[in-house]
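Predicted model, so just to flag it, every value in this text is computed and none were measured.
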Amino acid sequence: MCRHLAYLGPPRSPEGPMFSAPHSLLVQSYAPADMRAGGTVNADGFGLGWFADDGEPVWYRRPAPLWTDESLPRLSATVRSGSYLGAVRSGTPGMPVTEAACAPFAGDGWLFSHNGVVRGWPDAVAGLAEKLPAADLLRLAAPTDSALLWALLRDRLRSGADPASAVAELVTTVARAAPGSRLNLLLAGPDVLVATAWTHALSWRGDADSVLIASEPPDDDPGWRPVPDGHLLVARRGTPCRVDLAAIDSDRSLA
C-alpha cells in the first residue's frame with residue numbers, strides 16, 4: 001500500500017503536509033497510523049508533483065525512502081502551486097522498486113496516484129489491458145498495477161471523459177475484474193481533484209477557498225472528515241472551492 005495527499009486552492013507550499021506537520025507524509029512513510037494490514041512502512045519510493053505557471057505538471061520522484069532524501073524538503077519549501085500531489089510507496093511484493101513505479105504518474109496535464117493493490121495481478125486485469133492501444137502498453141512506465149491503472153485512466157481522459165466519471169468507471173471496472181482490490185485513486189489537475197475511498201482510508205479538510213485530501217490527516221485540525229468507503233470526492237477550484245461527495249455505483253456511475 002501507499003500514502004498520498006493532494007491540495008487545491010490558492011498557491012501554497014507543499015512543505016507543511018509533506019514534511020513539517022506533526023503527522024506529515026514524511027512521518028507516514030515510517031510510522032503510518034492506518035495501513036489496514038497493507039504493510040508497516042512506506043519505504044519503496046516517493047514523489048511530489050505540482051503544476052507550474054504554464055499549467056503543466058512538474059514532478060520529483062525517487063525509488064528510496066523519503067527520509068533519506070536531503071533535497072526535497074528545501075525544494076518543497078520554495079514551491080508555490082495551486083495544485084499539488086505527494087505520495088510515498090509501499091511496493092506490492094513482486095513489483096519493482098524503481099523511480100518509474102513511484103507516484104505521481106504524470107501526463108496530459110494530470111498527476112495520478114494509487115494507494116492500494118489490484119488482486120490477482122496481472123492475470124485478473126489482462127483483459128482490461130488488452131483494450132488499450134498497443135502503443136500505450138509499450139510505453140507503460142513500469143510493470144505494476146498502479147502504472148496500468150494510470151494508463152487505463154489516461155486513455156479515458158484522452159477520449160474526453162469527465163474526470164470524476166472516468167475515475168469512478170475505472171474503479172468499478174477493475175473491482176469487477178479483480179474482486180478484493182484496494183483502489184484509492186487520486187487524480188489532480190490544475191483546477192480539479194478527484195479521489196476515491198475504496199477499502200482504504202481517506203480524509204479531507206476544506207476552508208473558504210482550498211481543499212486538502214490525505215490518506216491520513218497530517219495535522220490535528222478538527223476540520224478533518226473521513227471519506228466514506230465506496231465514495232468519490234471531487235473538488236473544483238472556485239470561491240468558495242466546491243467539494244462534492246458521491247457514492248460509486250456498481251453500474252459504473254455516480255449514485
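A distance-only check finds a donor-acceptor pair linking the side chain of Ser215 to the backbone of His4 [under 3.5 Å]. Judged by distance alone, the side chain of Ser113 and the main-chain N or O of Leu186 form no donor-acceptor pair under 3.5 Å. Looking at Asp145, its side chain does come within 3.5 Å of a backbone N or O of Val118 through a donor-acceptor pair. In this structure, the side chain of Ser181 engages the main chain of Ala178 through a donor-acceptor pair within 3.5 Å.
At most 12 heavy atoms of other shown residues, nucleotides or ligands fall within 6.0 angstrom of atom CG in Asp53. The environment of Arg80 atom CZ is dense: over 12 non-hydrogen atoms of other residues, nucleotides or ligands sit within 6.0 angstrom.
Note on residues 11-21: pairs passing side chain to side chain donor-acceptor pair (under 3.5 Å), not counting sequence neighbours, are Tyr7-Arg12, Arg12-Ser210, Glu15-Ser20. Sorted by first then second residue, the ring-ring contact (aromatic ring centres under 6.0 Å, His included) pairs that include residues 186-234, not counting sequence neighbours, number zero.
Under the side chain to side chain contact (heavy atoms under 4.5 Å, CB included) rule, Thr196 has a single partner from Val167, Leu202, Leu170, which is Val167. With Asp136 as the partner, the salt bridge (Lys or Arg N to Asp or Glu O under 4.0 Å) test is satisfied by one option alone out of Arg158, Arg154, Lys131: Arg158. When each of Trp150, Phe51, Phe105 is paired with Trp110, the side chain to side chain contact (heavy atoms under 4.5 Å, CB included) condition holds for Trp150 and for no other.
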Give the C-alpha distance, both sets of side-chain angles, the deciding distance and a yes or no for salt bridge (charged side-chain N to carboxylate O under 4.0 Å, His left out) between Asp244 and Arg236.
-> CA-CA 9 Å; Asp244 296 307; Arg236 299 185 187 276; 5.3 Å; no
Using a 3.5 Å cut-off and no angle test, enumerate the donor-acceptor pairs between side-chain atoms of residues 30-48 and protein atoms at least two apart in sequence or in another chain.
from  : atom 1 : to    : atom 2 : distance (Å)
Asp34 : OD1    : Arg36 : NE     : 3.1
Asp34 : OD2    : Arg36 : NE     : 3.3
Asp34 : OD2    : Arg36 : NH2    : 3.2
Asn42 : ND2    : Gln28 : O      : 3.1
Asp44 : OD2    : Gly91 : N      : 2.7

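Pairing each heavy atom of Ile213 with each of Val211, the nearest pair is CG1-CG1, 4.0 Å.
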